[in-house]
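Here the structure is laid out as structure tokens; the discussion comes afterwards.
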Amino acid sequence: MDFFSKNPIQPEKPRIMDYDFTAIEAKWQKYWDDHQTFQATDDTTKKKLYVLDMFPYPSGAGLHVGHPEGYTATDIYSRFKRMNGFNVLHPMGWDAFGLPAEQFAIETGTHPSVTTAKNIANFKRQIKMLGFSYDWSREINTTDPKYFRWTQWIFLQLYKKGLAYIDEVPVNWCPALGTVLANEEVIDGRSERGNHPVIRRPMKQWVLKITAYAERLLADLDGLDWPEGIKEMQRNWIGRSEGAEVVFQLDGHPGKTLTVFTTRPDTLFGATYMVLCPEHELVDEITTLEHAEEVAAYKKRTASMSDLERTGLNNEKTGAFTGAYAIDPVNGARIPVWISDYVLASYGTGAIMAVPAHDDRDFAFAQKFNIPVIPVIRPDEAAAAKDKVDVEGVLAGKVCWIGDGPLMNSANDDGLSLNGLHVNEAKKRIIDWLESKGIGKRTVNYKLRDWLFSRQRYWGEPFPIIIMDSGEIRMVPEDELPLTLPDMKDFKPSGNGESPLANATDWVDYVDPKTGEHGRRETNTMPQWAGSCWYYLRYIDPHNDKAFVDPAKEKYWMPVDLYVGGAEHAVLHLLYARFWHKVLYDLGLVSTKEPFQKLVNQGMILGTSYKDARGALVPTNLVDLTGPEPKHKETGEKLVEFPAKMSKSLRNVVNPDDVVREYGADSMRLYEMFMGPLEAVKPWNTRGVEGVFRFLKRSWRMIMQTPVVDEPVPANLRRLLHATIKKVTEDTDTLNFNTAISQMMIFLNDFSKLEKMPREAAETYVLLLAPYAPHIAEEMWEGLGKQAPVSLAQWPSVDESHLQVEEHEILVQICGKPKVRIMMPASLSADDMKQKALENSEVAAALAGKTVVKVIAVPGRLVNIVAK
RNA sequence: GCCGGAGUGGCGAAAUGGCAGACGCACUAGACUCAAAAUCUGGCGCCAGUGAUGGCAUGAGGGUUCGAGUCCCUCCUCCGGCACCA
């Protein structure tokens with residue numbers, strides 16, 4: 001005997017194995033892989049469901065706890081629907097082109113494909129570790145030539161339809177990144193990635209004509225089951241406004257005209273000046289000699305400004321008078337023409353008529369430059385009072401009024417009078433008049449601009465385009481696709497606007513095999529959005545090398561029934577994908593007008609952070625958590641816990657690998673769903689994970705370490721069993737996972753008190769838990785002697801008869817205040833309930849000396865007695 | 001400024017117009033233990049009271065209703081988006 005053994009007393013061997021999540025999770029993940037449990041079949045006789053996650057960009061940092069939130073939600077939903085007999089398509093893939101891999105390549109010389117493959121492997125490991133029921137046989141990767149062959153093919157279809165064109169446009173040029181950016185990638189005049197300054201610069205670029213679809217992109221939003229906020233953001237982004245184009249003659253320039261867009265043609269009699277954007281083509285032509293210097297200086301100044309400086313929070317008006325005058329077409333008034341940067345070249349006609357009396361911006365400008373203000377609308381009294389606007393002030397030209405009211409001072413000798421009309425009628429009347437004179441027309445304008453579609457990068461889809469020396473643009477024949485990227489060693493952008501591909505001379509040079517004509521391949525590549533514009537279609541038929549998707553399969557699976565992802569894609573990805581989808585629809589290549597029928601945004605998961613008394617956030621590594629209250633390690637100052645975005649700098653990032661190692665994937669999944677509603681922003685709290693971990697351990701004990709007997713469920717618990725089936729079924733179906741989990745906890749709290757577990761209750765419980773915590777559920781299912789996998793077992797059904805109760809506890813209120821609780825038969829009518837309540841001795845005592853005015857009875861709930 | 005969304009215990013949160021705070025975390029008392037951890041059982045909105053109990057409570061103020069966290073109006077705060085788009 002070894003007297004020195006560290007463990008002389010052997011612990012008693014557990015009767016039955018404990019909850020060993022590591023072994024269980026590995027076992028069942030292997031089982032699902034080996035058995036292809038979650039492969040979707042193209043069996044069109046079954047009812048289908050397409051459940052999609054926004055696929056991730058596989059970054060080097062790996063998964064953070066925000067990713068699995070949406071993935072867990074769709075996984076639970078998919079598993080639930082499979083158990084309810086649906087043929088579920090639930091795929092995953094990689095949006096793998098992108099700037100980080102390219103920048104890493106520039107720094108280290110590692111080819112982006114190497115980095116990408118490595119990152120994908122890591123992402124895939126992490127995602128698989130969480131036990132998601134993806135059909136991995138449909139995995140796609142946007143950088144795979146077999147995939148981007150079809151991205152290029154779709155681009156050619158757009159080109160053939162005239163929806164892709166090359167234009168010399170002022171672009172967002174980012175010197176630090178050496179590339180142009182889309183409007184959507186520029187935030188407050190700086191690059192979304194890297195936060196570098198962005199300037200305006202004209203360049204030849206590929207542009208997609210998304211504006212041609214503006215009206216349909218707007219109109220079709222109405223039929224979508226999307227969060228109202230997201231739809232509203234898209235509407236604002238598209239920015240439809242109705243108005244008119246009005247043609248002005250220029251004084252002293254016979255035949256020259258100036259066209260403006262206005263949404264307020266009704267105020268045309270109040271126009272007191274015009275404004276052109278500094279870039280307007282007419283500026284140099286109309287500027288008089290004496291103003292030439294000032295105008296040139298102003299143009300130079302605005303051209304060198306960033307977008308932020310020009311359109312940012314600084315609303316101070318600037319401008320220069322050109323010396324020219326325009327003629328107001330309704331009254332012949334001679335009004336000065338100015339230039340100012342508050343008019344944008346890219347919207348409308350780049351020129352406006354200014355009506356300072358009825359437009360805030362024009363008013364501010366007129367005040368600054370002492371331009372007359374002529375009111376033509378008398379403000380509605382009530383509306384003016386509500387907005388605290390002084391009507392007399394408006395009539396005196398001292399205050400601006402943008403609201404409604406009867407028109408005045410608005411008539412001419414040429415058959416036009418708007419006087420007395422309100423704004424809407426006045427608009428109609430004057431547009432009709434302008435159209436009849438041929439000097440204006442009804443017009444709709446959009447804020448939405450055409451989509452700048454080229455990037456000066458290596459790691460993107462090459463355009464299947466050759467630009468011949470003659471200037472002719474040629475398409476790479478479709479049967480020669482994919483056009484792959486050349487292998488390169490140096491990935492630096494040239495810095496003058498050319499992509500690194502320009503350095504791959506062998507690749508760039510093209511000689512027509514028949515005619516010997518020379519050309520150059522397009523050296524720009526497509527933006528990252530390209531691959532994600534249609535990936536949901538490729539999952540349907542991922543290995544097809546004859547078409548991007550088989551029409552019959554497309555018809556069966558589309559549309560996506562549930563699409564879950566972050567709200568950061570509200571206007572970018574979702575608008576672009578809708579655009580491509582509509583183009584494909586017009587080409588007869590897809591069967592639905594819209595790709596994503598129902599959209600849900602998962603809320604962001606915040607980390608725990610700490611702030612001091614001044615509100616400054618303190619990185620977690622500087623926080624002393626050993627005492628009862630968090631303190632600053634260096635200053636000793638008391639700190640307060642505070643939820644903040646997870647970030648490297650705050651050192652509050654939670655890594656799923658750590659959570660899974662400590663508590664297992666099932667706990668991780670359960671916690672992410674138990675935190676709160678899917679759409680809500682929620683702070684991560686590791687203690688909460690321990691809570692659901694305890695729940696799983698107790699579940700394990702109830703099923704695996706309690707004798708399971710073939711006995712009926714005790715009468716007092718039968719109702720709870722069926723109430724649980726009902727609640728979990730309904731809440732899972734409506735994505736209210738947090739309350740479904742609560743109900744399972746309630747079930748557990750009661751049933752775990754039993755000495756013997758009735759088999760029916762045990763099996764039902766495992767089935768209900770299966771979508772949420774699939775690994776432990778499989779193990780328990782097997783433990784109950786059932787045939788694996790529980791993942792494909794039949795979902796339990798509610799027996800409503802067990803939900804009935806004989807008696808209710810009825811609350812009796814007097815004047816709305818709770819008085820007594822009385823047990824009453826469930827079958828009792830409202831009148832009988834009132835009777836019984838009034839007969840109660842305590843109630844009678846409380847009513848002594850009072851007159852009963854009214855009695856309200858709600859069956860199953862309460863009786864309220866109103867007495868004086 | 002405009003458009004969305006949200007304000008409920010110490011914390012995450014529940015609540016078809018019908019007993020606010022289910023469920024979980026934290027805390028707390030007890031059981032088990034030599035002890036601790038784990039586990040189990042109970043308590044736990046705030047104020048007053050030994051107590052039964054009473055009063056106050058869903059951002060603030062009004063309103064509708066027998067009854068409001070929930071519906072209506074006004075306002076405040078926070079989060080997200082847009083921001084000179086004529």
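Chain naming here is simple, since letters A, B, ... match the order of the sequence lines and numbering starts at 1 in each.
For A/Leu344, whose side chain is taken as the heavy atoms from C-beta onward, the closest listed nucleotide among B/rA26, B/rA86, B/rG18 is B/rA86. Among the nucleotides B/rC66, B/rC40, B/rC82, the one closest to the side chain of A/Trp237 is B/rC82. Among the nucleotides B/rG18, B/rC25, B/rC40, the one closest to any side-chain atom of A/Arg694 is B/rC25. Checking B/rG12, B/rA86, B/rC66 against every side-chain atom of A/Val866, the shortest atom distance belongs to B/rC66. Nearest to the side chain of A/Leu862, among B/rG18, B/rU39, B/rC66, sits B/rG18. The side chain of A/Gln813 lies closest to B/rC19, out of B/rC19, B/rC23, B/rA86. The A/Ile856 side chain lies nearest to B/rC66 when the options are B/rC66, B/rG12, B/rA14. Candidate nucleotides B/rC23, B/rC84, B/rC66 were compared by shortest atom distance to the side chain of A/Asp341, and B/rC84 ranks first. Of all nucleotides listed (B/rC84, B/rC19, B/rA15), B/rC84 comes nearest to the side chain of A/Tyr342. Which of B/rC23, B/rC19, B/rA86 sits closest to the side chain of A/Asn749 comes down to B/rC23.
Between B/rG18 and B/rG12, the two P atoms lie 25 Å apart (nearest whole Å). For the C1' atoms, the distance from B/rC23 to B/rU8 is 16 Å, rounded to whole Å. Across the P atoms, B/rG17 and B/rC44 are found 29 Å apart, a figure rounded to whole Å. Taking the C1' atom of each, B/rG69 and B/rG59 are spaced 12 Å apart, rounded to whole Å. When the P atom is compared between B/rG4 and B/rC73, the two are found 13 Å apart, to the nearest whole Å. B/rA48 and B/rA14 are spaced 31 Å apart, taking the P atom of each and rounding to whole Å. Atom C1' of B/rA68 sits at a distance of 23 Å from the matching atom of B/rG54, rounded to the whole Å. B/rC66 and B/rG61 have their P atoms separated by 23 Å, given to the nearest Å.
A salt bridge does not link A/Glu690 to A/Arg694: none of the charged side-chain nitrogens sits closer than 4.0 Å to a carboxylate oxygen. Ion pairing of A/Lys368 with A/Glu316 is present here, as a side-chain N (NZ or NE/NH1/NH2) and a carboxylate O approach within less than 4.0 Å.
Using N1 to N3 plus N6-O4 or O6-N4 for Watson-Crick, or N1-O2 and O6-N3 for G-U wobble, each under 3.5 Å, B/rC23 pairs with B/rG12. The partner of B/rC66 is B/rG18, by the rule that a Watson-Crick or G-U pair needs both atom distances under 3.5 Å. In this structure B/rC44 sits in no base pair that meets the Watson-Crick or G-U test at under 3.5 Å. Under the Watson-Crick or G-U wobble criterion, with both distances below 3.5 Å, B/rG61 is paired with B/rC73. For B/rG4, the paired nucleotide is B/rC79, the pair qualifying as Watson-Crick or G-U wobble because both relevant distances are below 3.5 Å.
Proximity of a side-chain donor or acceptor of A/Ser647 to a complementary backbone N or O of A/Leu650 within less than 3.5 Å is detected. Between the side chain of A/Tyr576 and the main chain of A/Val571, no donor-acceptor pair closer than 3.5 Å is present. Judged purely by atom type and a 3.5 angstrom limit, A/His808 has no side-chain atom pairing as donor or acceptor with the backbone of A/Ile810. The closest donor-acceptor contact from the side chain of A/Asp362 to the backbone of A/Val355 lies under 3.5 Å.
One atom, CD1 of A/Ile605, and another, P of B/rG12, lie 15 Å apart when rounded to the nearest Å. As rounded to whole Å, 19 Å separates atom P of B/rG81 from atom CZ of A/Arg235. At whole-Å resolution of the value, CD1 in A/Ile238 and C1' in B/rC82 are 14 Å apart. A/Asn236 places its CG atom 13 Å from the P atom of B/rC84, with the value rounded to the nearest Å. Distance CE (A/Met233) to P (B/rA83): 11 Å, rounded to an integer number of Å. One interatomic measurement links the two molecules: NZ of A/Lys447 to P of B/rA86, which rounds to 8 Å at whole-angstrom precision. B/rA38 atom P lies 21 Å from atom CH2 of A/Trp700, rounded to whole Å. A/Asp731 places its CG atom 11 Å from the P atom of B/rU16, with the value rounded to the nearest Å.
Across all strands shown, A/Pro227 has no heavy atoms under 4.0 Å from either base or sugar-phosphate atoms.
Remark: A/Lys854 is in phosphate contact with B/rC66, judged by side-chain N or O atoms under 4.0 Å from OP1 or OP2. Under 4.0 angstrom from either OP1 or OP2 of B/rU16 there lies no side-chain N or O belonging to A/Arg861. Contact annotation: A/Arg687 side-chain N/O to B/rG10 OP1/OP2 distance is not under 4.0 Å. For the OP1/OP2 pair of B/rC84 and a distance below 4.0 Å, the side-chain nitrogens and oxygens of A/Lys317 include no atom meeting the criterion.
In terms of position on RNA chain B, the residue among A/Val681 and A/Arg821 whose nearest nucleotide sits closer to the 5' end is A/Val681. Across the interface with RNA chain B, nearest-nucleotide mapping of A/Asn864 and A/Ser346 shows A/Asn864 to be the residue nearer the 5′ end.
Anti is the conformation of B/rG7, whose glycosidic angle sits further than 90° from 0.
Taking the ring centre of A/Tyr347 as origin, the terminal cationic atom of A/Lys447 falls outside the region bounded by 6.0 Å and 45° from the ring axis.
The base of B/rA14 has none of its N or O atoms less than 3.5 Å from a complementary donor or acceptor on the side chain of A/Ser742. With hydrogens and angles ignored, a donor-acceptor pair under 3.5 angstrom links the side chain of A/Glu809 to the base of B/rC19.
Between A/Phe365 and A/Tyr273, the two ring planes are parallel [angle under 30°; tilted spans 30° to 60°].
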Quiz item: Does the side-chain hydrogen bond (donor to acceptor under 3.5 Å, both in side chains) test come out yes or no for A/Arg449 and A/Thr211, once each step is laid out?
Solution: CA-CA 6 Å; A/Arg449 313 285 150 81; A/Thr211 52; over 6 Å; no

